[in-house]
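Note sheet for the following structure.
Since the model is a prediction, treat every value here as computed from it, not as a measurement. Scope of the values below: all heavy atoms of this structure, side chains included, with no hydrogens, waters or symmetry mates.
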Amino acid sequence: MIQHLGVETVLDVGANVGQYALQLRDGGYKHLIVSFEPLTEAFAVLQARAHSDPNWTVLNLALGAEDGDADINIAQDNASSSLLPMLETHLRYAPASKYVSREHVKVKTLDAAAPGVLLSGKRVLLKLDTQGYEHQVLKGATLLLRQVDLIECELSLVPLYDGQHLFLEMVTLLDRHGFK
């Protein structure tokens, strides 16, 4: 789809240590990637990985419905870290995802964070992997979504985080924004 649509900018929201961006590069994608990651330790790895790539920008931010600050829950496995409380179901099936600490992070809306890195007229892919917080990120991206051509969004069929939107709710929300 990236090749088919001619995507020239990827917004990698919930980048962790850059796994998604590295997969894009391994697949031959050479255009701009902008990765957003709020956790200090994960961001340090992400920043080191992106350092020698002039088309890969990294920002140490959480994204949400409004600008401010928040405490993020840090999971033992790091990848399950979330701004939302984790539910028992998640822990039962993935014990290594338990929260082990918290970190105070800066939160911005995607509308506020992205304009400085987006170029007008470029085809945009928005990748969302924010451990149940995807709907909050979309609330803060109403202007930006008009520029997005493609969305890749991690969705859950069962509740894993308190307050997350499940698959059908998210598909309905994306449909209301014009995505099919």
Side-chain angles (χ1 to χ4, degrees), residues 9-21 33-43 46 57-91 94 97-118 124-180:
T9 302
V10 172
L11 300 177
D12 177 15
V13 179
N16 195 252
V17 296
Q19 305 93 310
Y20 185 80
I33 300 171
V34 181
S35 295
F36 298 88
E37 174 55 43
L39 298 178
T40 302
E41 285 185 26
F43 182 76
L46 174 67
T57 299
V58 296
L59 299 170
N60 190 205
L61 289 173
L63 296 173
E66 54 191 42
D67 292 347
D69 296 305
D71 289 326
I72 191 168
N73 301 295
I74 301 175
Q76 181 179 335
D77 69 3
N78 196 281
S80 298
S81 301
S82 178
L83 287 164
L84 298 175
M86 187 179 291
L87 297 175
E88 186 58 38
T89 306
H90 195 301
L91 283 172
S97 66
K98 72 179 178 180
Y99 291 152
V100 293
S101 64
R102 295 172 68 103
E103 182 177 333
H104 196 69
V105 297
K106 185 166 197 59
V107 180
K108 285 192 150 267
T109 66
L110 199 45
D111 282 344
V117 295
L118 286 181
V124 177
L125 160 67
L126 173 59
K127 172 266 197 179
L128 296 171
D129 183 0
T130 57
Q131 304 307 306
Y133 212 66
E134 291 79 10
H135 69 286
Q136 294 292 343
V137 174
L138 291 174
K139 279 184 183 179
T142 54
L143 297 174
L144 176 98
L145 284 175
R146 296 179 196 153
Q147 290 182 259
V148 173
D149 300 285
L150 182 64
I151 291 183
E152 182 175 337
C153 187
E154 180 179 275
L155 302 175
S156 183
L157 297 171
V158 297
L160 300 175
Y161 298 92
D162 188 23
Q164 82 179 106
H165 280 34
L166 297 180
F167 178 83
L168 289 177
E169 294 170 290
M170 288 297 296
V171 169
T172 300
L173 177 62
L174 291 169
D175 181 68
R176 274 188 259 143
H177 283 289
F179 294 95
K180 302 292 179 212

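E169 places none of its side-chain heavy atoms less than 4.5 Å from the side chain of Q164. A 4.5 Å side-chain heavy-atom check between H135 and L173 finds at least one atom pair inside the cut-off. In this structure, the side chains of L144 and V124 stay at 4.5 Å or more apart for every pair of heavy atoms. N16 is not listed as a side-chain neighbour of D129, based on a closest heavy-atom distance of 4.5 Å or more. You'll find the side chain of Y20 reaches within 4.5 Å of the side chain of E152, heavy atoms only. When side chains are defined from C-beta on, T142 does not count as touching T109, because their heavy atoms never get closer than 4.5 Å. Taking the side chain as every heavy atom from C-beta outward, S35 and F43 never approach each other to under 4.5 Å. Side-chain contact check for E37 versus V58: every heavy-atom pair is 4.5 Å or farther apart.
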> Passes side-chain contact (heavy atoms from CB on, under 4.5 Å), I72 versus L83? Steps please.
Replying inline: CA-CA 4 Å; I72 191 168; L83 287 164; 3.8 Å; yes

> Checking side-chain contact (heavy atoms from CB on, under 4.5 Å) for the pair T130/S82: CA distance, chi angles, key distance, verdict?
Replying inline: CA-CA 7 Å; T130 57; S82 178; over 6 Å; no

>> Between I151 and L145, is the side-chain contact (heavy atoms from CB on, under 4.5 Å) condition met? List the steps.
In response: CA-CA 9 Å; I151 291 183; L145 284 175; 4.0 Å; yes

>> Would L126 and L138 count as a side-chain contact (heavy atoms from CB on, under 4.5 Å) here? Give the steps.
In response: CA-CA 10 Å; L126 173 59; L138 291 174; 4.2 Å; yes

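Among all heavy-atom pairs drawn from V107 and G64, the shortest one is CG1-N, 3.7 Å. Between A75 and S81, the shortest heavy-atom distance links the atoms N-OG, 2.9 Å. The two residues L87 and P159 come nearest to each other via the heavy atoms CD1-CB, 3.6 Å. Closest non-hydrogen pair, N78 versus A42, comes out as OD1-CB, 3.9 Å. Of all the heavy atoms in G132 and L84, the pair that sits closest is O-CD1, 3.2 Å. The two atoms that bring L63 and L110 nearest to each other are CD1-CD1, 3.5 Å, heavy atoms only.
Atom OG of S97 sits about 5.5 Å away from atom CG of D77, to the nearest 0.5 Å. In this structure, OG1 on T57 lies 11.5 Å from CG on D12, to the nearest 0.5 angstrom. Atom OG in S80 sits 4.0 Å away from atom NE2 in H90 (nearest 0.5 Å). Note that CG of D175 is 12.0 Å distant from CG of L168, once rounded to the nearest 0.5 Å. Rounding to the nearest 0.5 angstrom, the gap separating the CD atom in Q19 from the CG atom in L46 is 9.0 Å. With rounding to the nearest 0.5 Å, the separation of CG in L128 from CG in L174 is 8.0 Å.
Considering E134, Q136, M170 in turn, M170 is the only one that fulfils the side chain to side chain contact (heavy atoms under 4.5 Å, CB included) rule with H165.
A donor-acceptor pair under 3.5 Å links the side-chain atoms of K127 to the main chain of G14, judged by distance alone.
By the 6.0 Å contact criterion, CD on E41 is open, its count of non-hydrogen atoms from other residues, nucleotides or ligands being 12 or less.
Sorted by first and then second residue, the pairs that involve residues 65-76 and meet salt bridge (charged side-chain N to carboxylate O under 4.0 Å, His left out), not counting sequence neighbours, are D71-R102.
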